[in-house]
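These notes concern the structure reproduced below.
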Amino acid sequence: MQLLLIHSDYIEYETKKQTPVAEKIEESLKSGRLEEALTAFMAVESIDEANPEGTIKKTVSEIEKVATQVKTNRIMLYPYAHLSSDLSSPKVAVQVLKGIETALSGKYEVKRAPFGWYKAFSISCKGHPLSELSRSIRPEETAKAAGKVEVCGEKEVVSEALKAESTAKSYWRILTPDGELHEIENFDLTPYPKLQQFVDYEISKSRAVERAPPHVELMRRLELADYEPGSDSGNMRYYPKGRLVKSLLENYVLDVATDFGAMEVETPIMYDMNHPTLKKYLDRFPARQYSIESDKRQMFLRFAACFGQFLINHDMTISYKNLPLRMIEMTRYSFRKEQRGELVGLRRLRAFTMPDMHSLCADMDQAVDQFKKQYDLCIDVLDNIGIHIKDYEVAIRFTRDFYESNKELIVNMARTVNKPVLIEMWDTRFFYFVLKFEFNFVDALAKASALSTVQIDVENAERYDISYVNPDGKLERPTVLHCSPSGAIERCIYALLEKAAMETEEGKVPMLPVWLSPTQVRIVPVSEKHVAFVEEVSQKLDCRVDIDDRDLSIGKKVREAGREWVPYVVVIGDKEIEDGTINVTIRAESGQNKPKKVQITPEELNSRIKGEIAGKPYRKLPLAKYLSVRPKFF
RNA sequence: GCCUCGUUGGCUCAGCCCGGUAGAGCGAGUGACUUGUAAUCACUAGGUCGCGUGUUCAAAUCACGCACGAGGCUCCA
């Protein structure tokens, strides 16, 4: 429902011509006038169809509130379709308009302009500060359902849920590894500047971005990713190096999940808004989804893999012997139509890649046991990606009831990371989970973003009618865990780049982990005549090697290798051909303007790199080996 | 919905205030050099200055309108 309220000296209308949807009216209603009245121009929207009674109730209370403020007891209800681009059916609109009229007519002098007619009107607006107000009214169930549907992953992505969250009463605390809960005001955060920033960010709920964060320039300069003007905002293009890094991260998380016992599946990207299980809440808040029309059907693009996996679970025959039952999907993509101003670089996107794992557990005991294991798993995954415990802040959120019966679990979580963590506790359960944690990366601009998360979901098994057979042969509802071991893949890249930017400011030399570096070894021949030998050396190296055979000075080639963050730079000339060793600049051990150079054999370099990338996925060089034939992407 | 700022070769930007037929660096191409660790030298190509209208002898420059982008505010019962 869209409302435009005008406090007017008078309002006057006259019907001209009826449209096909016009309501039948008496002659007396064909014109009307009210002096000193509040005029409510209104448009009933398709979103209101789900609950016309609720819409009526809320609209009436809004109008009454304003009528009281402007001290008038005359109200003109005026249907005005132009307020919305998503109108309800005429039938519902008339129903709602009449309902509002009836509800108000007891206390006020009410007139209602007829629906579905072309009308001439004149109005005189009083012009005082309260005389022009607009309101959008949304059905209550929307916010509630949206909260419940904030099923997977990053806490901040479904802002409907945030709205509910912002009205929920939260108790904030700091939990220290010794198990003490501290009031935030009484806890000295000075030794923990990043936690301080995270706490400020969380509690103030201020999420505006003032300037482009450093990773935006880096993602372009390193030719990883870029904005795509031909698409919608927040849908990025990835150049070969970016695709490589993404692919390695995706494969890594999948490998880890497989080792953990998860089965990889693939589910559709788009769903029918009218599917019985999805319909009841989805078609009420299309705002946050991409919706697309396919022939006559309304589809939406998934914002997580929950639907697909739960729909599979629903159809499965599951025994208690199969539990915990874990499935994972690398969702390329999940789509969320985030508000324009919230999109930034790789931090927050409208299309992103998220590993989404769900575990069906027999009961709360098994769920808690899994939760612990997945907490440790997440720490390990991020650590291997290059984001360590010191690089993020832990938030643990739960209901009071859950805390009372699981104190030991929660204290152990703080003990594991061995530093203070932020606690948020609710008296009552507003959401589908009773316990969740996230690891939050705090970037160079003090903005926090969630990476890994695990949640214990006590609602969706019921909603999707998922059950398993217990030892007595009876059907039971499982408890469901949601887990994104790394968080969104793009966001991991963002975190790595932001971390590198912060380290640069501290005087360190920035780089990506070797297993993620697009070029692992760059060989620079001293002159053209060394190229053949360089090619031989490159074949002794079992990694991503490229050769800078361009007609440039050594100095320039070395500088460019540095600007690309190449971990190992090798210069080869006559000397190397003679003694069989190579000169290697090791980026990880260099300082700014202090290159660390060693003279070793190709075999030694090879085994060093092999050790560094052991156990990680590997892909071949995504670009031409010889730089002279490589294109520039911008 | 409102406000501010921006839009000039592939990229980054100058020129606009005080109108006089468009500039730099990087990148690209060609040639020279055959090179030992953070930018070798020279030359060449490349722009109807976001779109439209107006003012003017003359508009990248001034005015108005529009489009797109970035940011902020408001709203998000």
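Per chain, numbering begins at 1; letters A, B, ... match sequence-line order. Note: hydrogens, waters and symmetry copies are ignored here, and every other heavy atom, side chains too, is used.
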Between [X] (side chain only) and [Y] (backbone N and O only), is there a donor and an acceptor less than 3.5 Å apart?
{"X": "A/Arg302", "Y": "A/Tyr333", "value": "yes"}
{"X": "A/Ser553", "Y": "A/Lys556", "value": "yes"}
{"X": "A/Lys246", "Y": "A/Glu490", "value": "no"}
{"X": "A/His215", "Y": "A/Ala495", "value": "no"}

Interatomic distance at [atom1], [N] relative to [M], whole Å:
{"N": "B/G69", "M": "B/U55", "atom1": "C1'", "value": "29 Å"}
{"N": "B/G27", "M": "B/U40", "atom1": "P", "value": "9 Å"}
{"N": "B/U37", "M": "B/U21", "atom1": "P", "value": "48 Å"}
{"N": "B/C66", "M": "B/G19", "atom1": "P", "value": "26 Å"}
{"N": "B/A22", "M": "B/U8", "atom1": "C1'", "value": "9 Å"}
{"N": "B/G6", "M": "B/C64", "atom1": "P", "value": "14 Å"}
{"N": "B/A38", "M": "B/A45", "atom1": "C1'", "value": "29 Å"}
{"N": "B/U61", "M": "B/G20", "atom1": "P", "value": "11 Å"}

Touch check for [X], heavy atoms < 4.0 angstrom, all strands: base, sugar-phosphate only, or nothing?
{"X": "A/Gly562", "answer": "nothing"}
{"X": "A/Lys575", "answer": "base"}
{"X": "A/Glu217", "answer": "nothing"}
{"X": "A/Arg563", "answer": "nothing"}

Gap between atoms [atom1] and [atom2], on [X] and [N] respectively (whole Å):
{"X": "A/Phe633", "N": "B/G27", "atom1": "CZ", "atom2": "P", "result": "18 Å"}
{"X": "A/Glu528", "N": "B/C33", "atom1": "CD", "atom2": "C1'", "result": "10 Å"}
{"X": "A/Lys337", "N": "B/C76", "atom1": "NZ", "atom2": "C1'", "result": "16 Å"}
{"X": "A/Asp226", "N": "B/G10", "atom1": "CG", "atom2": "P", "result": "15 Å"}
{"X": "A/Arg550", "N": "B/C33", "atom1": "CZ", "atom2": "P", "result": "21 Å"}
{"X": "A/Leu552", "N": "B/C41", "atom1": "CG", "atom2": "P", "result": "11 Å"}
{"X": "A/His530", "N": "B/U35", "atom1": "NE2", "atom2": "P", "result": "8 Å"}
{"X": "A/Asp548", "N": "B/U34", "atom1": "CG", "atom2": "C1'", "result": "15 Å"}

| query | Will you find, in the side chains of A/Ser538 and A/Lys625, an N or O donor that is under 3.5 Å from an N or O acceptor? | reply | yes
Could you check which of [options] has an atom nearest any side-chain atom of [X]?
{"X": "A/Lys556", "options": "B/G27, B/U34, B/A32", "result": "B/G27"}
{"X": "A/Ser61", "options": "B/C11, B/A77, B/G27", "result": "B/A77"}
{"X": "A/Ser553", "options": "B/A39, B/C11, B/G36", "result": "B/A39"}
{"X": "A/Asp551", "options": "B/C33, B/G36, B/U34", "result": "B/C33"}
{"X": "A/Asn583", "options": "B/U37, B/G36, B/U35", "result": "B/U37"}
{"X": "A/Lys632", "options": "B/A38, B/U37, B/A28", "result": "B/A28"}

Paired with [N] by Watson-Crick or G-U wobble geometry, both distances under 3.5 Å: which nucleotide is it?
{"N": "B/A45", "value": "none"}
{"N": "B/C73", "value": "B/G1"}
{"N": "B/A63", "value": "B/U53"}
{"N": "B/U21", "value": "none"}
{"N": "B/G27", "value": "none"}
{"N": "B/U40", "value": "B/A32"}

| remark: Assert: residue with more 5' nearest nucleotide on RNA chain B, out of A/Asn593 and A/Glu560, is A/Glu560
| A/Arg221 vs B/C11: side-chain N/O to OP1/OP2 distance below 4.0 Å | no
| said: OP1 or OP2 of B/U37 versus the side-chain N and O atoms of A/Lys597: is any pair under 4.0 Å? | reply: no
| request: Could you grab the distance from atom CG of A/Leu497 to atom CG of A/Leu218, nearest 0.5 Å is fine? | output: 5.5 Å
| request: Measure centre to centre between the rings of A/Phe41 and A/Tyr78, then say whether the value is under 6.0 Å. | output: yes
| query | How about A/Tyr494 and A/Phe441: are their ring centroids closer than 6.0 Å? | reply | yes
